Amino acid sequence: MIPKKEKSHEEKHFEPKPYSNPYVTGFGLGIVLLAAFLIMGRGLGASGAVSTLVAVGVDKIAPEHAANNNFYKEYLGDGTTNPLKDWLLFEVLGVVAGGFISGSLAHRIKRTTEKGPNVSVKTRLIYAFVGGTIMGFGAKMARGCTSGLALTGGSLLSLGGWAFMFAVFGGGYAAAYFVRRQWL
Amino acid sequence: MMPYFKFDYFGFDFGLVVAFIIGIGFGFALERGGFGNARILAAQFYFYNMRVLKVMFTAIVTAMLGLFYFAWIGWLDLSLVYVGDTYILPQIVGGLMLGMGFVIGGYCPGTSVVSASTGRTDGFVYLLGIFFGIFVFGEMFPLLEGFYNSTPMGRVTLPEFLGISHGMVVFLVVAMALGAFAAAEWGEKKIAKKSGRGVE
């Protein structure tokens, strides 16, 4: 009895902890967002950081091509400042660190692929790439993603932010049926 | 007076330090909520776990109330907080695409960063997809520019658009969020009972 109990105690120590209460998490996220508003006068974001990296990458390989494109130009600036000194890019580096810290504290760092039970890892990764591509394209079309437009624009009561948020849920529910095998 | 950056309490470079610290808070909160896990995020679209809705609306309500009260007390100049211009059609089309990408790939940009940083291969591959999608958008931009800049409405907020007071919109959003929370709790229990699937 006693050794068994000890063993289960040991195992429990390394088991991933359950995720936090969603309302508490949401309140914490709201405070972080509010802090960004009060300190910086701007909200959070994510896809903008990737846009900067893509624009800098294109500029490195084909500078003339990038200079003739209004989309890349917006992220490259006028050449007086380094485009990598970007607020969103530093914020996303923080997201990498913050996610890792939280995951470490809760024993949730794990080399794995998240998927439903009825789909192979390979299929899941193909879906992940395709979904990411559609999301990247859509986020640029909408001028923001879930964090930059829905969360930030939503709490600022921006019309575009709210219209976007309902469109995201609409698009998600409309497509959910067709990819249910991946998750259920 | 807030926002501090707009009143020159500190410069651009220190702003980058602030960005990193705020990012840590952002990533920490996303991971705590289970948003580094595609199964939890995708569950939102099959109604058996409504975490996305609960966390998002709680965060929006918290930040919205904070902005409203700080401005009302007079500590914050709300007109200096950046609100992106509305381009209603491209934003609805982009939103629909984002929703599809969300349920197909399992993440959004911010959550895929957390997923990758906690070791998930699918999160990392999803992030590569975002790079590729943005690259495709950039390469197609000369063709898309017309639609991208269509239906411009400027810096328009719900109180202005609906013609009702800021406080009234805040009240309506809070009421809507509370209604959505009640519906989510009720729906989760009902689905858990029906399918035997526990609420994770």
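Each chain gets a letter, A, B and so on, in the order the sequences are listed, and its residues count up from 1. All figures in this text were calculated on a predicted structure; none of them were measured in a lab.
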Side chain, backbone, both or neither: which part of [X] has an atom under 4.5 Å from a heavy atom of chain B?
{"X": "Leu149(A)", "result": "side chain"}
{"X": "Lys115(A)", "result": "backbone"}
{"X": "Tyr72(A)", "result": "side chain"}
{"X": "Arg124(A)", "result": "side chain"}
{"X": "Val24(A)", "result": "neither"}
{"X": "Ala174(A)", "result": "neither"}
{"X": "Leu44(A)", "result": "side chain"}
{"X": "Ala55(A)", "result": "neither"}
{"X": "Asn70(A)", "result": "both"}
{"X": "Asp86(A)", "result": "backbone"}

Between [atom1] of [X] and [atom2] of [Y], what distance do you get to the nearest 0.5 Å?
{"X": "Glu160(B)", "Y": "His166(B)", "atom1": "CD", "atom2": "NE2", "value": "10.0 Å"}
{"X": "Tyr46(B)", "Y": "Tyr173(A)", "atom1": "OH", "atom2": "OH", "value": "10.5 Å"}
{"X": "Phe181(B)", "Y": "Thr58(B)", "atom1": "CZ", "atom2": "OG1", "value": "3.5 Å"}

- Message: Parallel, tilted or perpendicular: which one describes the rings of Phe166(A) and Trp162(A), with boundaries at 30° and 60°?
- Response: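 Judged by the thresholds at 30° and 60°, the geometry between Phe166(A) and Trp162(A) is tilted.
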- Task: Give every residue pair that meets the side chain to side chain donor-acceptor pair (under 3.5 Å) criterion with at least one member in residues 102-117 of chain B, sequence neighbours excluded.
- Result: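 Output for this query lists Tyr107(B)-Ser115(B), Tyr107(B)-Asp122(B).
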- Query: Has Arg143(A) got its NZ or CZ under 6.0 Å from the middle of the six-membered ring of Tyr148(B), at an angle within 45 degrees of the ring axis?
  - Reply: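 Because its charged atom sits under 6.0 Å from the ring centre and within 45° of the axis, Arg143(A) does stack over Tyr148(B).
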- Query: Checking Phe10(B) against chain A: side chain, backbone, both or neither under 4.5 Å from a heavy atom?
  - Reply: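 Contact with chain A involves the side chain of Phe10(B) alone.
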- Query: At a heavy-atom separation under 4.5 Å, does Val17(B) approach chain A through its side chain, its backbone, both, or neither?
  - Reply: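 Answer is neither: Val17(B) stays 4.5 Å or more from chain A.
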With chain B, which of [options] has the greatest number of heavy-atom pairs at distances under 4.5 Å?
{"options": "Ala36(A), Gly136(A), Gly26(A), Gly161(A)", "result": "Gly26(A)"}
{"options": "Gly160(A), Cys145(A), Gly153(A), Ala142(A)", "result": "Ala142(A)"}
{"options": "Phe100(A), Phe178(A), Phe37(A)", "result": "Phe37(A)"}

- Cut-off 3.5 Å, side chains only: do Arg32(B) and Thr25(A) have a donor facing an acceptor?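 No donor-acceptor contact under 3.5 Å links the two side chains.
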- Query: Is the distance between the ring centroids of Tyr23(A) and Phe27(A) under 6.0 Å?
  - Reply: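 No, the ring of Tyr23(A) stays outside the 6.0 Å limit from the ring of Phe27(A), centre to centre.
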- Message: So which atom in Arg111(A) and which in Gly119(B) form the shortest heavy-atom distance, rounded to 0.1 Å?
- Response: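 Nearest heavy atoms, Arg111(A) then Gly119(B): NH1-O, 2.7 Å.
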